[in-house]
Structure formats: structure tokens, C-alpha cells
A.B. asks: 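Sharing a structure, written as C-alpha cells. Questions coming.
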Protein chains: 2
Amino acid sequence: MLIYSKALLAEQAKIFKALGHPTRLIMVHALQSGEKCVCELQELIGDDISTISKHLSVLKEAGIVSVEKRGTNMYYSLVLCCLETFLSCTAETVRRRLAEQMEELKK
Amino acid sequence: MLIYSKALLAEQAKIFKALGHPTRLIMVHALQSGEKCVCELQELIGDDISTISKHLSVLKEAGIVSVEKRGTNMYYSLVLCCLETFLSCTAETVRRRLAEQMEELKK
DNA sequence: TCTTTATTTGGCTTTTTGGCAAAATAACAA
DNA sequence: TTGTTATTTTGCCAAAAAGCCAAATAAAGA
């Protein structure tokens, strides 16, 4: 523990919180293959465009993505490093757990 | 993206969401040095014991910690692997960002 | 058994999210 | 300038989360 400033803790929590929504996880996964504009993400996810926009601003506020405007489009890209490993690791963990649950049900 | 089952995504989001609260982050940080009972955590954090207990159950539900009862105490310990690296990486990132913001203010 | 200690659960209030729809902005083209 | 497309912002409402208190549970000891 030692010294854990509130600010630091709050910012770190913000990162996790931002990743803690299925839609935003899809976004992050999608951005791993490169930047996307809002319309591409909304096509992928299907929610109302304003909802998509709000989710993106949460990711931006947390410093997980950055935006660049080109023409009429806003292009979002991943900026948080060290994300990939943790994403795939948690995904693998969850996959394993769900598989175990399936096994349980078979008995 | 490819096939991303809703269940998998929801579980993964649950992990992040559970980590997305300052108090729960303190808990996880504290548990990195080994199991702790509820009372130790409450002493560390200071909130009402029922609040502590509820936060712990969120972490448990997400599969981040496990519990073992010994005597009248409940001992919580970390079970989610691959957490340490991401925790220290995000902490470092945040630390760097906050430092940059300080620099900005100096100007 | 009665008491104490540790922890969880239930109830309640306040705050925060999530999501849609409508209005506002911004850039570009006609 | 006017219209069009892309995106954000605002307002509103329902649902979920957070936090506190009080009550319930469970193990251990007197």
C-alpha cells in the first residue's frame, strides 16, 4: 500500500470503470486493429449514435483512447498501453470459467 | 471482433467494473501481499464494516478474490491471475499523467 | 446456554449510469 | 448561403450502485 494518493487511486479506478461495460469492451477490442470512426463503431454495435458517442467519451475521459478529427469524422484510437495483455488474459480466464461451469452442469 | 459471446463479454466487463472503485482497488492492492481478514481491510480503509463487506462481495462475484473461513474470520485472497502487471502498469501510467498535469500547471 | 466477536444481509436514501430522442455543432459541398 | 452528413450535447427517465444503520448469522469461549 504505502502512500496511495486519492487522486491516483481515483484515476486508476476510472480506467477500470471505463472498461467495465460490455459495449465499451467491444469498442476497445475493435480498436485493437486500428483507429475507427464513430460511425464504424455504431455500425458494429448497433446502439443509438448518441449512446455510442457517450461511451466513447467515457473511454476518452479515462485516457484509454484518443480522438482525432479529420473532415467530418472523429477517429478514435487506443492509447492506453499494457491493455492488450490484460484484455486477453481476462478473456481467457473468463472463457475457462464459463467452460468449467458448463462441465458442472453436465453432472 | 469475430464471435464475442454476450456472456463472455459480460463476465469480462464485470471484472473491470469490480476493479473500478477506489476502495476496491485499495483492497486488491492490499491483498497483493497476502490474504487479509475483513477486519484488517476495514481498519485499513475506515468505512463502515458493512460497506467493506459489500465491496468484498463484488470482488468475489467477479472472481477476483476468494474467501476462506477460519474461526470467526473470513480471509480474502486474490485469485485473478495477470492482475499484478496491469495494476502496476496502469498505476504507472496514471502517475506519469498526473505528473504531466503538474508540469502544465507550472507554466 | 449465554455472550462476545466477526461478518453478512436487508432496508433505505442518494448518486451515478445507460440509453434514447431531440437540439446543437462542425465541416464540407452545392 | 443552404443543405447534408457526422458527431456531440442536453434533457429525461429507469435502473444500478454506494453507503450507512440496524438486524441476522455464525463460531468460539465462559
A.B. asks: Measure the distance from OH on B:Y75 to P on C:dT8 and round it to the nearest whole Å.
C.D. replies: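 Going from B:Y75 (OH) to C:dT8 (P), I get 13 Å.
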A.B. asks: Could you give the CD1-to-C1' distance, from A:I49 to D:dT5, as a whole number of Å?
C.D. replies: 11 Å
A.B. asks: Pairs under 3.5 angstrom, nitrogen or oxygen only, protein versus nucleotides 16-21 of chain D, please.
C.D. replies:
{"residue": "D:dA17", "atom": "OP1", "partner": "B:K17", "partner atom": "NZ", "Å": "3.1"}
{"residue": "D:dA18", "atom": "OP1", "partner": "B:R24", "partner atom": "NH2", "Å": "3.3"}
{"residue": "D:dA18", "atom": "OP2", "partner": "B:R24", "partner atom": "NH1", "Å": "3.3"}
{"residue": "D:dG19", "atom": "OP1", "partner": "B:H21", "partner atom": "NE2", "Å": "3.4"}
{"residue": "D:dG19", "atom": "OP2", "partner": "B:H55", "partner atom": "NE2", "Å": "2.7"}
{"residue": "D:dC20", "atom": "OP2", "partner": "B:T51", "partner atom": "OG1", "Å": "3.3"}
{"residue": "D:dC20", "atom": "N4", "partner": "B:K54", "partner atom": "NZ", "Å": "2.8"}
{"residue": "D:dC21", "atom": "OP2", "partner": "B:D48", "partner atom": "OD2", "Å": "3.3"}
{"residue": "D:dC21", "atom": "N4", "partner": "B:S50", "partner atom": "OG", "Å": "2.8"}

A.B. asks: Does a side-chain N or O of B:N73 approach OP1 or OP2 of C:dT5 to a distance below 4.0 Å, or not?
C.D. replies: no
A.B. asks: Enumerate the salt bridge (charged side-chain N to carboxylate O under 4.0 Å, His left out) contacts for residues 32-45 of chain A, please, sequence neighbours excluded, ordered by first and then second residue.
C.D. replies: A:E35-A:R70
A.B. asks: Under 4.0 Å between a Lys/Arg side-chain N and an Asp/Glu carboxylate O for A:R97 and A:E100?
C.D. replies: no
A.B. asks: Quick one: side-chain hydrogen bond (donor to acceptor under 3.5 Å, both in side chains) partners of B:R96, sequence neighbours excluded?
C.D. replies: none
A.B. asks: Please state how far atom CD in A:Q42 lies from atom C1' in D:dT8, giving the value in whole angstrom units.
C.D. replies: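 These atoms are roughly 14 Å apart.
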A.B. asks: A:H29 versus B:L9: any side-chain heavy-atom pair under 4.5 Å?
C.D. replies: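 The answer is yes; the side chains approach within 4.5 Å.
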A.B. asks: Roughly, in whole Å, what's the span from CD in A:E43 to P in D:dT5?
C.D. replies: 16 Å
A.B. asks: Are there any protein N/O atoms within less than 3.5 Å of an N/O atom in nucleotides 26-29 of chain D, and if so, which ones and at what distance?
C.D. replies:
none

A.B. asks: Report the distance from atom CG of A:L41 to atom C1' of D:dA6, rounded to the nearest whole Å.
C.D. replies: 13 Å
A.B. asks: Given atom CG of A:L56 and atom C1' of C:dT17, what is their separation to the nearest angstrom?
C.D. replies: 16 Å
A.B. asks: May I ask you to test the A:F16-B:I15 pair for a side-chain heavy-atom distance under 4.5 Å?
C.D. replies: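 A side-chain contact under 4.5 Å is absent here.
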A.B. asks: Could you list the donor-acceptor pairs under 3.5 angstrom formed between side-chain atoms of residues 75-87 of chain A and any protein atom two or more places apart in sequence or on another chain?
C.D. replies:
none

A.B. asks: Please give, in whole Å, the distance from D:dT7 P to A:E40 CD?
C.D. replies: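 From A:E40 CD to D:dT7 P: 9 Å.
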A.B. asks: Between B:L19 and B:V28, what is the shortest heavy-atom contact and its length?
C.D. replies: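 Heavy atoms of B:L19 and B:V28 come nearest at CD2-CG2, 3.9 Å.
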A.B. asks: Provide, to the nearest angstrom, the distance between the CD atom belonging to B:E61 and the C1' atom belonging to C:dT8.
C.D. replies: 13 Å
A.B. asks: Under 3.5 Å, which donor-acceptor pairs do the side chains of residues 45-61 of chain B form with other protein atoms, sequence neighbours left out?
C.D. replies:
{"residue": "B:D48", "atom": "OD1", "partner": "B:S50", "partner atom": "N", "Å": "2.9"}
{"residue": "B:D48", "atom": "OD1", "partner": "B:S50", "partner atom": "OG", "Å": "2.8"}
{"residue": "B:H55", "atom": "ND1", "partner": "B:R24", "partner atom": "NH1", "Å": "3.1"}
{"residue": "B:S57", "atom": "OG", "partner": "B:K54", "partner atom": "O", "Å": "3.0"}

A.B. asks: When we call it a touch if two heavy atoms are under 4.0 Å apart, what does B:Y76 touch: a base, just sugar-phosphate, or nothing?
C.D. replies: sugar-phosphate
A.B. asks: What is the minimum heavy-atom distance between A:C39 and A:N73, and which atoms define it?
C.D. replies: SG-OD1, 4.3 Å
